[in-house]
Amino acid sequence: MAEKGVTPRGEDYSKWYTDVVQKTELADYSPVKGCMVIRPYGYSLWENIQAALDRRFKETGHVNAYFPLLIPMSFLKREAEHVEGFAPELAVVTHGGGKELDEPLVVRPTSETIIGHMYSEWVKSYRDLPILINQWGNVVRWEMRTRLFLRTTEFLWQEGHTAHATREEAEEETQRMLGVYADFAINEAAIPVVQGRKSDREKFAGAVASYTIEAMMGNGWALQSGTSHFLGQNFARVFDIKFLNQKNEFAYAWTTSWGLSTRMVGAIIMAHGDDQGLMLPPRLAPTQVVVVPIWRKDAERGVVLALAEQVTATLGAAGVRVKLDSRDEFNAGYKFNDWEMRGVPLRIEIGPRDVEQNAVVFARRDILGKEGKTFGVPVAGIADAVRDMLVTIQAGMLARATEFRDANTHTVASYDEFRQVLEGPGGFIRVHWAGTSEDEDRIKEETKATVRCYPFERPEGEGVCFYTGQRTDRIAIFARAY
RNA sequence: CGGGGCGUAGCGCAGCCAGGUAGCGCACUUGAAUGGGGUUCAAGUGGUCGGAGGUUCAAAUCCUCUCGCCCCGACCA
C-alpha cells in the first residue's frame, strides 16, 4: 500500500517522477540492473496505448507480424552508420546450449536488419510492394544510465517497417505515420507534440531523414515521444531488397521504419502529473471513474453501498472503465488522495445526503478541491453525464498542456539570451538556426541543450540565426532533453 | 571507466567516534472507536546489522579484504 504523497515537483523533479511511478504501482525496479517490471496498472495503461495505436495502424493499411529476438551479428554490420550507432549498446549472445556459437547473436536493439533480410526474400516484383508490417515487441539497448519508462535496458514498443516501390511513396508513408503518432499523442494522450525533422546529429543511425514528435515535460525538458524514419534505399541496398519494375528493370525498394515505446508512459506522467501525483487522460486511463461511498453509521452503509453499486453497474454497462472502492479500512479522505495520486480522471462521491436526493457528486482530477466538484448530479442519466465529463476533462488536459508548452516556449536573438533562458525558466527555445553539426555539438557541450527538431510549422519566415548571425529560413527548437 | 556517497526489519533512518540486551518512524497483522479531504488509540509480527577474515572475555561498532548499490559525467526510444 502506498504511503502518504509524492515528493513535490519543485523540490526534486526526478524524485517526484520516481515516487509517482513507484507509489502508483506503474512499475518497479527489477533484480537485473537497468530493467524494470511493468506492474498491472502500468501495463494496463500500455495496453490502452497499444489499442489506440494499433487501431490507427490497421486503419492506415498495416498488418502485424513478429520477427525473432535474436539477430546474427553480421546483419548489424552491413549498414555502416547503423552498426556504428548501435554497437555500443548491444547485448550479445555468445553461447547457446552449452556451446560457444559460431556466430554471435545480438539481442535486437531494433529490427531493420532482420526484417530487411526477410523482405529481400519476399520481394521479387513491384506487385509485392508495398509491404506494410508492424511488430509489437521488446528490444534491448545496453544504456549506461537508466530511468523507469524513459530509458531502460529492455523496453516494449512497436516498430513499423515498410517497403515501397518509389521514393515518393516511402516519403509519404514516413509522414503519414508521424501524423498518426501526432494524432495519437494529441487526441489520446492529450499531449500537444511538435512535429518536425531531426537534425543530422540526432537522426536514426542509417536513416536518410528522421522525423519526431517532441513533447514538453513538466520541468520544461523535451521528450522525443515517437519517431518515423525515411531510410531511403540504405537498407534495401545492403539487404538486397530489389524487385522487377513494370519496365522489367531491377530496382531497390525504398523503406521506412517508425516506432513508439513504453517511453510514452513516461511522457504521460511528466506532461500531466502534478504534486498530487499522476493525472491520466480519460481516453487512456486504466480506470476512468472511481466510485467512493461515504458513510458514518452502519445504518447508512447499506443504502450508500447499494446506490454506489448501482451507479458502478450502470457505468460499467455503458462501457465506462469504472471501479468501486468499498474498502472499509480507509476513510473517504484517504481514498480521495489515493485515487488522485493514481490519476483517475473522475471520482464519484456518494454519501447519505446524495442517497436522499438520488444524486451523486463529481470530482475532477484535473481541477482539485471544491472547484472541480459538481454537486447533485442526478443518478438518472448518469452514464451520459459521465461520458460528457470525461470528454471535458480530456479537452481540459490538452488545453492546459498546450498553454503550458506555449508559455514555456521562448524565442531568443542571441546566444547569451539562449543561455539565460536555459539557466532560468527553461523550456523550448525556438530560433532561426543556420549552424552546423559542430555548432550543435558545441552548444550541447556548453548548455546541455540539443536541437529537438526543425518544426514543420514555421510561420516566422526568414530571419537571423541567433548563433551564426546568418540569414536563414530554417527554424530549430532547442531544449534539454531526456 | 573518472569524481562523490551509502550498505542495520518491506521502505526511510538512528545507533558506530568513546566495543557490553538491536532501536525509531512508516508499512504490515489484530481489536476498538472514527468516517463529506491522508482520523485515533491499544496490542502484535518482522532483523545471521552486505559478505569474509582478524583483534577482543565480548564486534553493528575497531582493523583488513571483498561484494553490491546510489548520485554526478560520456551514450540514448
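Every chain is numbered from 1 and lettered A, B, ... according to where its sequence line falls, protein lines coming before strand lines. Small disclaimer: the values here were computed from a predicted structure and weren't measured.
With hydrogens and angles left out, the side chain of A:R301 and the base of B:rG35 share no donor-acceptor pair within 3.5 Å. Donor-acceptor pairing under 3.5 Å, judged by distance alone, is present between the side chain of A:R151 and the base of B:rC76. Checked by distance alone, A:N331 brings no side-chain donor or acceptor within 3.5 Å of a matching partner on the base of B:rG37.
Across B:rA77, B:rG36, B:rG38, the shortest atom-to-atom separation from the side chain of A:Q224 is found for B:rA77. The listed nucleotides are B:rA77, B:rG36, B:rG73; the one nearest the side chain of A:D354 is B:rG36. Of the candidates B:rA77, B:rG38, B:rG36, the closest approach to any side-chain atom of A:I294 belongs to B:rG36. Closest to the side chain of A:Q276, out of B:rG38, B:rC76, B:rG36, is B:rG38. Distance from the side chain of A:K444 is smallest to B:rC76 among B:rG37, B:rC76, B:rG36. Distances were taken from every side-chain heavy atom of A:E143 (C-beta onward) to each of B:rC76, B:rG37, B:rG35; the shortest belongs to B:rC76. With B:rG36, B:rA77, B:rG38 as the candidates, the nucleotide lying closest to the side chain of A:A332 is B:rG36.
Within the shown strands, B:rG25 is the pairing partner of B:rC11 under the Watson-Crick or G-U definition, both distances less than 3.5 Å. In a base pair of the Watson-Crick type (N1 to N3 plus N6-O4 or O6-N4) or a G-U wobble (N1-O2 and O6-N3), with each distance short of 3.5 Å, B:rA77 is matched with no nucleotide. Base pairing of B:rC41 is made with B:rG31, judged by Watson-Crick or G-U wobble geometry with both donor-acceptor distances under 3.5 Å. The partner of B:rA60 is absent, by the rule that a Watson-Crick or G-U pair needs both atom distances under 3.5 Å. The nucleotide B:rC69 finds its pairing partner in B:rG5, both defining distances of the Watson-Crick or G-U wobble pair being shorter than 3.5 Å.
Aromatic ring orientation, A:F204 versus A:H229: parallel (interplanar angle below 30°, classes split at 30° and 60°). Taking the six-membered ring where the residue is Trp, A:Y415 and A:Y467 present perpendicular rings, their angle passing 60° and hence far from 30°.
Between the side chains of A:E173 and A:T256, no donor-acceptor pair of N or O atoms lies under 3.5 Å. In this model, a donor atom of one side chain and an acceptor atom of the other lie less than 3.5 Å apart for A:R452 and A:T450.
In terms of phosphate contacts, A:K23 brings no side-chain nitrogen or oxygen within less than 4.0 Å of OP1 or OP2 of B:rC11.
In this entry the distance linking OH of A:Y29 with C1' of B:rC71 reads 12 Å, nearest Å. Put simply, CG on A:D328 is 15 Å from P on B:rU39, counting in whole angstrom units. We find that CZ of A:R353 is positioned 13 Å from P of B:rG35, with the value rounded to whole Å. Atom CZ of A:F362 is separated from atom C1' of B:rG37 by 19 Å (rounded to the nearest Å). Rounded to whole Å, atom C1' of B:rC75 lies 15 Å from atom CZ of A:R147. Distance OH (A:Y334) to C1' (B:rU39): 13 Å, rounded to an integer number of Å. As a whole-Å value, the separation of A:H229 NE2 from B:rC76 P is 13 Å.
For the pair A:D338 (side chain) and A:Y334 (backbone), a donor-acceptor distance under 3.5 Å is absent.
Put simply, the side chain of A:K198 reaches to within 4.5 Å of the side chain of A:E214, judged on heavy atoms. At least one side-chain heavy atom of A:I268 sits under 4.5 Å from a side-chain heavy atom of A:I49.
Residue A:G351 is in base contact, counting any heavy-atom pair closer than 4.0 Å across all strands shown. Contact annotation for A:K448: backbone-only contact, meaning every heavy-atom pair under 4.0 Å involves sugar-phosphate atoms and none involves a base.
Between B:rC28 and B:rG46, the two C1' atoms lie 9 Å apart (nearest whole Å).
Residue A:F155 and nucleotide B:rA77 are classified as a stacked aromatic pair, their ring centres being separated by less than 5.5 Å at an interplanar angle below 30°.
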